[in-house]
Amino acid sequence: MGAPYLADTIAAIATAPGAGAVAIVRLSGPDAFAVARRVLRSNAGGSLGADGLESHRARLARLGLSGRTSGDGRDAPDVVDEVLVLPMRKPRSYTGEDVVEIQCHGGGTVPRLVLEQCLAAGARVARAGEFTERAFLNGRLDLARAEAVAALIEARTTEAAHAAARQVAGELSQRLTAWRLDLLDARSLAEVSLDFADEELPLTLESDLRDRLDALKLAISALAATWESGRRLRDGATVVLLGAPNAGKSSLFNALLGRPRAIVAADPGTTRDWIEEEVAIAGVAVLLRDTAGVRTAEEAVEQAGIRAALELARGADLTLLLLDGSRAPDDDDRRLVEATRDLRRLVVRTKADLAPGWAPTEGALPQVAVAVSAVEESGLAELRAQVAGKLLRQTDTDGLVVLHERHAIALARAASHLDEAGTILRSGHDLEIVALEIGAAMAALDEILGQCDVEDLLDRIFSRFCVGK
Amino acid sequence: MLMNNLDVIVVGAGHAGIEAALAAVRLGARVLLLTSNLDHVGQMSCNPAIGGVGKGHLVKEIDALGGEMGLAIDETGIQFRTLNTRKGPAVRASRAQADKALYRQRMKSRLERTPGLGLRQGMVEQLLVAGRRVVGVVTETGERYEAGATVLTTGTFLRGLMHIGDAQMPGGRAGDLASRGLSAHLEALGLPVGRLKTGTCPRLDGRTIDFSRLEVQPGDLSPTPFSFRSAGLTQRQVPCHITWTTSQTHALIARNLERSAMYSGRIKSRGPRYCPSIEDKIVRFPDRERHQIFLEPEGLETVEIYPNGLSTSLPVDVQAAMVRTIPGLEQAEIVRPGYAIEYDFVDPRALHSSLECRTLERLFLAGQINGTTGYEEAAALGLMAGLNATRAVRAEPPVVLGRAEAYIGVMIDDLVSRGVGGEPYRMFTSRAEHRLLLREDNAHARLGGLATEIGLLDEPLARAVEARAQEAASLRALLQSTLIRPADETNQALTERASSPIRQPVRAIDLLRRPEADWALLRTLGVELPTDVESHHLSVLLDLKYAGYVDRQRVLADQVAGLDATLIPAWLDLSTLPGLSAEVRERLTGARPSTLGQAARAPGITPAAVATIALHLRRRAGERSRGGA
């Protein structure tokens with residue numbers, strides 16, 4: 001029955017659905033060029049001919065959208081789109097197979113019709129993630145790089161895209177491969193003394209091993225710790241504005257947004273529900289949430305709002321606790337300070353344009369991180385910088401950040417195995433168990449690169465890719 | 001014994017041949033064992049020792065499978081040591097110096113007194129082949145023997161060529177003739193024959209060595225036997241001695257390097273890296289000021305000494321001068337020179353995991369012909385080959401041990417799926433990915449049940465193994481149910497052993513998990529243990545202490561078992577599979593993996609390649625089950 005796997009040609013719309021000006025339909029597989037020749041016509045209306053598709057050279061062509069062709073191979077008089085064609089011969093293509101990309105007009109209809117023409121001409125529709133799966137199977141990408149492709153596509157800011165692009169280029173894989181070699185090296189130090197019991201070995205062998213393990217553990221845990229930043233870079237972060245009524249939350253919300261969104265009024269308790277908007281801060285797509293003015297009020301509606309606001313703050317990546325700079329802090333403010341003590345927060349002193357109502361060093365209040373004035377738009381740059389500092393940790397990983405939880409978990413596991421190895425080594429016991437822990441750390445790195453549990457991993461990973469890449 | 005109606009012919013009576021023949025006989029086969037020299041049965045061609053790290057493990061597994069090696073070394077060993085006692089439970093290993101002559105005699109007499117086994121002298125030159133099946137052998141004097149299966153254990157005898165300096169002498173080893181015709185015959189039958197190199201040390205006259213100035217290396221004070229079946233050790237125990245090479249040794253070797261057979265270009269094949277000649281050591285590690293030499297006695301009734309670490313193919317005059325640059329050996333006389341030897345082997349990737357040739361039915365290979373080195377490796381392969389040859393004759397499926405089951409399983413899987421890569425294959429514990437499961441102490445627990453089931457153990461032995469397993473079970477139950485209560489004398493005893501005192505009643509099993517706890521401590525605390533726990537139930541103790549790690553390895557082993565259980569069926573042609581690079585295809589064609597696990601372990605096979613095969617298998621299986629294709 002069906003053609004053997006990887007022996008057939010697949011097609012899909014590679015661009016996002018919607019009303020874009022241009023869309024790309026991609027073909028990959030042994031018949032990609034043949035299928036393209038069947039659906040494309042030269043601008044003069046004739047067939048493309050044997051050398052009409054030159055690898056890695058873009059050309060213009062026409063494509064009939066109804067599929068009705070006359071007997072002599074000429075287009076029937078119907079709707080014709082003018083398309084840009086980019087043919088790529090294997091192995092110099094994304095999938096490592098023959099690939100043809102057809103740029104047609106965008107929108108809901110044209111790309112679908114182009115795809116239908118390709119299917120009618122012998123391609124079959126690609127499953128989700130199948131282009132990347134083929135790239136992996138053809139040895140064009142390892143697993144870490146294949147996953148980075150997904151992160152790149154999903155990137156919502158330039159910085160996120162940049163971080164993903166570095167991994168697509170193989171930077172993470174290179175580092176893991178280097179660590180893997182280092183671990184192999186370290187393991188060999190342990191193994192040599194186990195398998196060659198009577199040999200004279202260097203006296204520095206164990207201290208050498210200890211040093212290597214410590215250095216690797218530090219480097220690997222540092223990369224694991226970037227996941228918090230990486231997740232925010234990839235998925236964005238939620239920042240909640242919290243403060244007593246009329247503390248200036250909505251004003252700051254609008255100021256950070258650069259346009260009015262929240263209703264601002266001098267009457268406390270205007271914002272009863274929360275509103276949210278996305279804004280990019282230092283490369284992070286921040287979902288900014290303005291909460292109801294929090295007050296220990298008697299009003300039932302406001303009370304519910306307060307509980308909801310604190311609930312929001314607890315689920316957020318960062319809370320901006322606003323204290324009204326024009327009046328002395330009251331019990332409500334102090335309660336809020338107390339309620340957010342264990343949260344990741346920045347204390348913001350608002351209304352810096354007004355006369356100070358309290359001394360910055362007043363006892364029992366936490367350190368103010370930044371003073372802002374929404375009216376004068378002062379302190380906003382400093383606030384953005386502080387927010388970025390809280391959301392993205394400074395790393396000592398040369399800017400490499402982990403973008404997948406799977407990677408973070410595996411890295412953390414590798415680091416913990418190395419920690420255990422170091423502990424056992426220092427206690428002077430069982431070099432054999434040290435070797436075992438190093439082996440377990442290696443296995444954890446291998447998992448990221450896709451070197452074990454192949455079957456499960458493939459299913460899980462490739463099903464997450466959108467069609468096209 | 002009449003030489004007809006034979007089930008199995010074993011060619012070669014070295015360590016592999018002996019175990020092959022005896023295993024076949026244990027299963028009730030009628031066996032003929034042919035050797036080119038009846039005086040050299042069970043000869044130790046190189047060092048006079050059995051065991052060591054990895055190798056001791058193999059001997060214990062051979063013993064658990066009813067084999068002979070452990071018993072023989074227990075009866076003829078003259079120094080016993082346990083290695084790595086403080087480096088971890090699974091790398092602890094037994095090693096013993098053998099009295100070579102006693103070992104030979106003991107093995108020969110064992111073979112001679114075995115009913116159902118014929119022992120004959122004869123050099124096999126050809127195989128009798130009918131179609132794709134080997135049906136017997138022909139000797140150089142024209143005798144023909146027919147049998148259901150044939151096991152070849154030719155050691156270093158196939159086109160063996162010895163080198164000393166620029167002298168070359170054909171021979172299987174010093175004092176034995178080489179087999180000339182057989183390897184050409186095997187090649188003509190289509191087996192992939194290659195060439196390997198190994199070497200040995202000169203032997204010294206012990207009367208010319210000044211031992212008084214040398215470091216003494218005694219055996220263990222209370223040595224433990226290898227074999228489950230040994231009542232105790234019988235031979236007088238003697239020490240070894242340790243000395244070191246000097247800067248004069250190194251200078252002398254450097255000056256004469258071109259006269260070494262290995263360095264003059266006369267030997268093309270690479271020697272084993274883990275067993276380098278002294279020339280190799282000096283060339284590869286020029287910064288080392290000295291190299292350790294162990295002086296090992298070759299027996300109780302001989303003056304010959306084996307200087308372990310001095311393997312060489314230098315000319316005899318250089319060997320003599322070199323020896324005398326070493327402290328204690330200033331007056332030493334060489335009684336036999338060291339030499340290098342080249343010999344033919346068959347690429348073991350031509351074998352099934354049963355050790356039967358893929359292209360020639362009923363022909364099994366074992367020992368150095370498979371590209372291995374070492375008496376223990378040879379013996380283990382011999383046992384499996386003898387076992388599976390007999391099973392093949394009876395149309396029973398082969399016994400294949402798993403990598404998480406035995407070092408033997410690791411070794412055979414490595415050999416048939418990865419080959420030997422240019423140097424003889426030696427067992428190392430680091431080759432086993434589930435090392436904590438494969439300990440010397442639990443060899444019987446791992447393999448005893450299987451050995452009984454397939455008939456390798458006789459009735460009393462099977463009962464004894466079973467009894468030991470039940471003792472272990474009741475010991476664990478005892479430890480589980482015994483409570484140790486906090487009392488003054490209890491806590492005093494614990495404190496004396498640097499163990500923290502207890503406030504609540506603690507189960508004996510939990511107390512024993514403490515790193516510093518042992519059987520003796522439990523006895524001090526009043527737990528009534530059987531008297532033989534120290535000698536017989538180390539496994540119970542180690543399983544407890546390393547329970548977390550052991551469990552972890554078991555989980556990993558089960559995962560790998562999944563890949564190993566995925567067969568790559570014959571209809572899947574790996575040489576044309578789309579999605580594989582040309583290099584991977586070529587390697588897979590060479591390795592011929594029969595399971596996904598073997599494919600994954602083959603050298604140069606990328607995870608992506610394994611994934612590709614897995615996907616193909618899944619898809620094709622799907623198509624087949626839908627009734628297509």
Side-chain angles (χ1 to χ4, degrees), chain A residues 1-8 29-30 91 96-97 133-143 146 187-188 190-200 202 417 420 424 427-437 439-440 443 446-447 449-459 462, chain B residues 52-54 81 83-84 86-93 95 217 242 244 274 288 290-292 294 308 427-431 433 435-436 515 546 549 552-553 556 559-560 562-563 566 577-581 584 596 600 606-612 614-616 618-620 623 626-629:
Chain A
M1 45 187 278
Y5 185 55
L6 290 184
D8 54 359
E97 303 174 331
E133 181 179 326
R134 287 187 170 204
F136 174 73
L137 292 177
N138 286 318
R140 300 285 292 172
L141 294 174
D142 63 32
L143 214 42
R187 180 161 185 182
S188 69
E191 295 291 354
V192 70
S193 123
L194 297 175
D195 265 332
F196 296 88
D198 273 343
E199 296 284 325
E200 276 186 307
H417 284 303
E420 185 65 17
I424 297 166
S427 76
H429 284 117
D430 289 344
L431 201 53
E432 175 186 353
I433 305 297
V434 174
L436 188 143
E437 294 288 0
D446 286 351
E447 234 173 71
L449 292 166
Q451 307 206 347
C452 63
D453 251 331
V454 174
E455 287 256 30
D456 299 348
L457 217 52
L458 285 177
D459 284 346
F462 288 122
Chain B
V53 184
R81 286 197 301 139
L83 310 175
N84 279 346
R86 278 187 288 278
K87 289 183 191 163
V91 294
R92 281 183 204 176
R95 185 183 189 277
Q217 187 193 44
I242 302 175
W244 282 271
Y274 42 80
R288 282 281 288 266
R290 59 179 201 175
H291 296 278
Q292 198 168 219
F294 295 89
N308 196 340
M427 198 68 246
F428 294 111
T429 64
S430 48
R431 293 193 193 271
E433 49 280 74
R435 184 158 60 190
L436 266 179
Y546 295 90
Y549 293 106
R552 237 162 76 183
Q553 295 228 305
L556 287 176
Q559 286 172 1
V560 177
L563 280 183
T566 309
L577 207 62
L580 296 178
S581 73
V584 164
L596 217 47
T606 59
V610 179
T612 307
L615 278 167
H616 278 292
R618 220 160 30 172
R619 270 155 212 270
R620 300 270 181 101
E623 284 168 16
R626 286 195 303 271

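Note that these values count all heavy atoms, side chains included, but never hydrogens, waters or copies made by symmetry. As the structure is a prediction and not an experimental result, all values here were calculated from the model. In what follows, every chain begins at residue 1, and chains take the letters A, B, ... in the order their sequences are listed.
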Could you list the residues that satisfy side chain to side chain contact (heavy atoms under 4.5 Å, CB included) with B:Arg288, not counting sequence neighbours? A:Glu200, B:Phe285, B:His291

If you count heavy-atom pairs under 4.5 Å between each of A:Leu431, A:Val434, A:Leu436 and chain B, which one has the most? A:Leu436

Any idea which of A:Gly439, A:Ser193, A:Ala435 has the most non-hydrogen atom pairs under 4.5 angstrom with chain B? A:Ser193

Please classify the contact between B:Glu433 and chain A as side chain, backbone, both or neither, with a heavy-atom cut-off of under 4.5 Å. neither

With a 4.5 angstrom heavy-atom cut-off, is it the side chain or the backbone of B:Pro89 that approaches chain A, or both, or neither? both

Do B:Phe428 and A:Leu194 come close enough that some side-chain heavy atom pair is under 4.5 Å? no

Value for CG (A:Asp195) from CG (B:Leu83), rounded to nearest 0.5 Å, stands at 11.0 Å

NZ (B:Lys87) and CD1 (A:Ile433) are apart, to the nearest 0.5 Å, by 14.5 Å

Name all residues meeting the ring pair (Phe, Tyr, Trp, His ring centres under 6.0 Å) criterion together with B:Tyr549; count only those two or more places apart in sequence or in a different chain, and write none if there are none. none

Please look at A:Ser188 and chain B and tell me whether the side chain, the backbone, both or neither of the residue comes under 4.5 angstrom of a heavy atom of that chain. neither

Counting only non-hydrogen atoms closer than 4.5 Å, does A:Ala190 touch chain B with its backbone (N, CA, C, O), its side chain (CB onward), both, or neither? neither

What I want to find out is whether A:Glu432 reaches B:Arg86 closely enough, with some N-O distance under 4.0 Å, to be called a salt bridge. no

Below 4.0 angstrom, N of the basic side chain to O of the carboxylate: do B:Arg552 and A:Glu437 qualify? yes

